[in-house]
Participant: 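Pasting in a structure now, in structure tokens, and then I'll have a few things to ask.
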Amino acid sequence: MSLNLKQPVAFVPTMGALHAGHLSLIEIAKSYCDEVVVSIFVNPLQFENSDDLAKYPRSLTSDIELAEKSGATFVWAPTFEEIYPTKPEIISSGAIGNLFEGVHRFGHFDGMLTVVKRLFEEVKPKYAIFGEKDFQQLFLVKKMVADLAIPVKIIAAPIIRESSGLAMSSRNTRLSEIDKVKATVISKALFSAAKKEPTEKARAELLKVLSSESDFILDYAEIIDEATFEVANEESLNTRAIVAGWLSGIRLLDNMPMRSAL
Ligand code: PAF
């Protein structure tokens with residue numbers, strides 16, 4: 001397959017259901033290259049549960065319009081066969097892929113890395129923009145690019161929040177108005193923990209605030225070392241709180257820097 005793109009390309013891979021968070025990635029991409037490619041592909045390999053895959057929001061026509069309005073010069077919505085013409089070689093996300101999100105979503109990161117590598121092979125971007133919202137994904141993509149010496153620079157883009165503090169996500173469209181209010185417990189916990197030192201106090205604050213919303217079913221809340229993705233300690237230079245859980249059966253993720261040495 002040849003996409004006939006004007007290199008160099010800045011690339012924003014997505015699974016569609018575009019929201020302001022994605023549009024901010026497209027904006028960032030524009031500042032790197034004239035040719036901005038947005039892919040829209042709901043990758044079955046990264047869904048551990050067929051129900052979640054079936055319920056994933058799909059809005060291709062409005063996505064294409066939104067992406068183009070925001071500055072995408074090429075919107076690519078490949079078919080499954082274009083991405084996986086033969087049985088793909090699954091990329092292992094290794095030990096870090098089995099932590100946190102990986103514990104709860106078996107095979108998710110292997111499937112995600114497999115599609116990202118395939119997308120990079122077709123688009124051959126100079127830059128690829130990934131949101132910090134999926135911080136473990138961002139970490140693993142950077143690691144894969146380094147391990148496999150893929151010639152692309154990964155650019156990290158900050159989380160975009162609703163005015164309520166809720167981190168923007170395609171899954172938010174499935175939250176009721178009441179649940180959107182309840183979900184703000186996550187960002188409240190993160191903002192509150194960010195004011196606490198040392199790490200132990202920040203961790204305790206995170207758990208305290210999260211437990212104030214009984215409908216939020218916590219999967220994990222931890223403070224990790226950004227360099228290793230392992231649980232942070234007092235020697236860790238840059239730390240980040242990561243949270244995931246469920247509200248009315250919808251999975252929500254968020255994170256925030258805690259201590260920054262830089
Ligand atoms: O973050 C996402 O939307 C997806 O995981 C990605 C990077 C597009 C791969 O399918």
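When a ligand or atom number is given, it counts from 1 through the structure's own listing order. Throughout, residue positions are numbered sequentially from 1 according to the sequence presented. What you see below is based on every heavy atom in this structure, not just the backbone, and it leaves out hydrogens, waters and symmetry mates.
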Participant: Given the side-chain rings of Phe47 and Tyr56, with only the six-membered ring counted for Trp, is the space between their centroids under 6.0 Å?
Facilitator: yes
Participant: Using salt bridge (Lys or Arg N to Asp or Glu O under 4.0 Å), reason through Arg171 and Asp52 one step at a time and then give a plain yes or no.
Facilitator: CA-CA 10 Å; Arg171 289 173 202 268; Asp52 199 26; 3.1 Å; yes
Participant: Please list, in number order, the atoms of ligand 1 under 4.0 Å from a heavy atom of Thr14.
Facilitator: 8 (C)
Participant: Does CG belonging to Asp34 count more than 12 external heavy atoms closer than 6.0 Å?
Facilitator: no
Participant: Give yes or no for whether the N/O distance cutoff of 3.5 Å, strictly under, is met between Asn43 and ligand 1.
Facilitator: no
Participant: If you compare all heavy atoms of Arg161 against all heavy atoms of Ser187, which two are closest, and at what distance to 0.1 Å?
Facilitator: NH1-CB, 3.6 Å
Participant: Heavy atom under 4.0 Å from ligand 1: found in Met15's side chain, backbone, both, or neither?
Facilitator: both
Participant: Any side-chain heavy atom of Val115 sitting closer than 4.5 Å to one from Phe120?
Facilitator: no
Participant: Applying a 4.0 Å heavy-atom criterion (strictly less than), which segment of Val141 is in contact with ligand 1: side chain, backbone, both, or neither?
Facilitator: neither
Participant: Taking the cut-offs as 6.0 angstrom to the six-membered ring centre and 45 degrees off its axis, would you call Arg240 and Phe135 a cation-pi pair?
Facilitator: yes
Participant: Considering only the protein, which heavy-atom contact is closest to atom 2 (C) of ligand 1, and what is its distance?
Facilitator: Gln137 NE2, 3.8 Å
Participant: Which of the atoms of ligand 1 are close to Val115, meaning less than 4.0 Å from one of its heavy atoms?
Facilitator: 9 (C), 10 (O)
Participant: Can you figure out which of His22, Gln46, Met112 has its heavy atom closest to atom 10 (O) of ligand 1?
Facilitator: Gln46
